[in-house]
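To keep things clear, I will list the structure first and then write my remarks on it.
Predicted, not measured: the structure shown is a model, and the values here were computed from it. Position 1 is the first residue of the sequence; numbering continues from there. For the numbers below, each heavy atom of this structure counts, side chains included, while hydrogens, waters and symmetry mates do not.
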Amino acid sequence: MSISSLSATIPTASIANASSSSLSLRSSFLLRLPVKRLSNLSLAAKEPPLISASMEAGIGVMGTKLGMMSFFDSSGAVIPVTVVGFREGNIVTQVKTELTDGYNSVQVGYRRVRDRKLTKPEMGHLEKSGIIPLRHLQEFRLQSVDGFEPNQRLSVEELFKEGDLVDVSGTTIGKGFQGGIKRHHFKRGLMTHGSKSHRQLGSIGAGTTPGHVYKGKKMPGRMGGTKTKIRKLKIIKIDNELNVVMVNGAVPGKPGNLLRITPAKIVGKNIPKN
């Protein structure tokens, strides 16, 4: 018997039933798959989302924290301010574009040092644009880098004015290993009446259920020494003679700490929503 005659003897209804049963088996199998596996089955490549969290509202500068003081305004009110000084630097060392590096940013150098304080790769990077040796290099990711060129000096009085809101970031003071009371503001126990738990942490979880300590549990540990940003601080005064800026409130770090000052980011106004 030929293959054609054999196929002719098979009823079409059985073929339809077999195809429908196979489809139902496939659909039931796909329904039992986890969500992660279903996402891997899709062949269409998704474009990565735009990273706008690291984008700045404008070009910024670097400065040195000098300390805090009291400032009296015209009405006589006392305002606690942080004095930020600026050493030699804040020079554009490199301009990155989407064509060359895939994104737009301006690299700025701050604080002049001796040549022997830098490595040969660092010196070669600066000598490429004919720039003096600088200790700190930081990038400011912008929406557009038009108007910036290497070896361009950035002055504070041209970028900011009194009354502007700025974001100040720096490294906080390191406190070392601290307990729960100082690190997380826990309350202490009784100091009298036979109490034996004064500054101890206390229970950190049950032994049977869940049988382990949850991640992120507030416990004693290393405190401070982390990068922190204080947002929307107001510039009280800019002194061009002393080359200092007075910012309302406290900023991270101790005197002599490196600070990064940028225009305050307001989503929808100077930062895109995406």
Side-chain angles (χ1 to χ4, degrees), residues 49-71 73 79-96 103-111 134-148 152-174 223-240 242-274:
L50 297 176
I51 302 175
S52 59
S54 61
M55 188 176 297
E56 301 290 352
I59 190 67
V61 293
M62 287 176 282
T64 304
K65 180 178 179 179
L66 302 180
M68 295 193 68
M69 59 175 290
S70 297
F71 179 80
D73 60 2
I79 304 175
V81 296
T82 301
V83 183
V84 182
F86 301 93
R87 299 185 180 183
E88 189 174 4
N90 283 321
I91 302 174
V92 177
T93 58
Q94 185 182 5
V95 179
K96 296 184 178 182
Y103 63 98
N104 297 325
S105 69
V106 176
Q107 187 184 87
V108 180
Y110 175 70
R111 191 177 176 183
L134 298 171
R135 165 64 68 186
H136 306 286
L137 297 177
Q138 290 193 12
E139 284 190 5
F140 297 88
R141 186 169 179 175
L142 307 175
Q143 302 180 30
S144 176
V145 293
D146 297 338
F148 296 100
Q152 175 184 352
R153 290 186 176 272
L154 304 176
S155 57
V156 180
E157 56 271 11
E158 295 179 358
L159 299 178
F160 304 101
K161 62 179 182 297
E162 296 180 1
D164 288 351
L165 298 179
V166 294
D167 294 342
V168 182
S169 59
T171 305
T172 59
I173 300 176
M223 180 181 178
T226 57
K227 184 178 179 181
T228 308
K229 177 184 287 187
I230 309 297
R231 301 192 65 243
K232 295 184 179 180
L233 296 178
K234 185 178 180 181
I235 295 180
I236 303 300
K237 186 176 178 57
I238 298 177
D239 195 328
N240 297 327
L242 300 177
N243 197 19
V244 298
V245 171
M246 299 181 185
V247 182
N248 187 10
V251 299
K254 58 184 179 180
N257 188 36
L258 177 69
L259 298 176
R260 174 189 173 107
I261 305 175
T262 57
K265 294 194 288 188
I266 303 175
V267 178
K269 182 176 180 181
N270 50 22
I271 290 293
K273 292 184 179 181
N274 58 351

> Pairs in or reaching into residues 84-95: which pass side-chain hydrogen bond (donor to acceptor under 3.5 Å, both in side chains), with residues at least two apart or in two chains?
Replying inline: T93-Q107
> When rounded to the nearest 0.5 angstrom, what is the spacing between CG in L154 and CD1 in I91?
Replying inline: 8.5 Å
> OG/S70 to CE/M246 distance, rounded to the nearest 0.5 angstrom?
Replying inline: 11.0 Å
> What closest approach, in Å, do R153 and G89 show between heavy atoms, and which atom pair accounts for it?
Replying inline: NH1-O, 4.1 Å
> Which heavy-atom pair separates G253 from N257 by the least distance, and what is that distance?
Replying inline: CA-ND2, 3.4 Å
> Looking only at atom types and distance, does a side-chain atom of T82 sit under 3.5 Å from a main-chain N or O of G249, one as donor and one as acceptor?
Replying inline: yes
> Any side-chain heavy atom of V251 sitting closer than 4.5 Å to one from K65?
Replying inline: yes
>> Ignoring hydrogens, what is the shortest heavy-atom contact between V168 and P252? Give both atom names and the distance.
In response: O-CD, 4.3 Å
> More than 12 foreign heavy atoms under 6.0 Å from NZ of K96: is that the case here?
Replying inline: yes
>> Testing L259, V156, L66, I235 one by one against V84 for a side chain to side chain contact (heavy atoms under 4.5 Å, CB included), which residue passes?
In response: L259
> Nearest heavy-atom pair of K232 and L165: which atoms, and what distance?
Replying inline: O-CD2, 4.1 Å
> Going by heavy atoms in the side chains, are V92 and I59 under 4.5 Å from each other?
Replying inline: no
> So, does T262 use its side chain to make a donor-acceptor pair with the main chain of G60 at under 3.5 Å?
Replying inline: no
> What is the minimum heavy-atom distance between P80 and M68, and which atoms define it?
Replying inline: CB-CE, 4.5 Å
>> Is there a side-chain contact between M55 and F140 in this structure, where contact means two heavy atoms from C-beta onward sitting under 4.5 Å apart?
In response: no
>> Return the CD1 to CG distance between I261 and D164, rounded to the nearest 0.5 Å.
In response: 12.0 Å
> Would R260 count as a cation-pi partner of Y110, with NZ or CZ less than 6.0 Å from the six-membered ring centre and within 45° of the ring normal?
Replying inline: no
> Which distance, rounded to the nearest 0.5 Å, do you find between the CZ of F160 and the OG of S155?
Replying inline: 10.5 Å
>> Tell me the closest heavy-atom pair linking A264 and A57, and the distance in Å.
In response: O-CB, 3.9 Å
> Rounded to the nearest 0.5 Å, what separation is found between the CG atom of L258 and the CE atom of M62?
Replying inline: 6.5 Å
> Are any of the side-chain heavy atoms of R231 and K265 separated by less than 4.5 Å?
Replying inline: yes
>> I want to check something: taking the side chain as every heavy atom from C-beta on, are I79 and N248 in contact at a cut-off of under 4.5 Å?
In response: yes
> Does a side-chain heavy-atom distance below 4.5 Å link F86 with V61?
Replying inline: yes
> For the atom pair CG (L142) and OG (S144), what is the distance rounded to the nearest 0.5 Å?
Replying inline: 8.0 Å
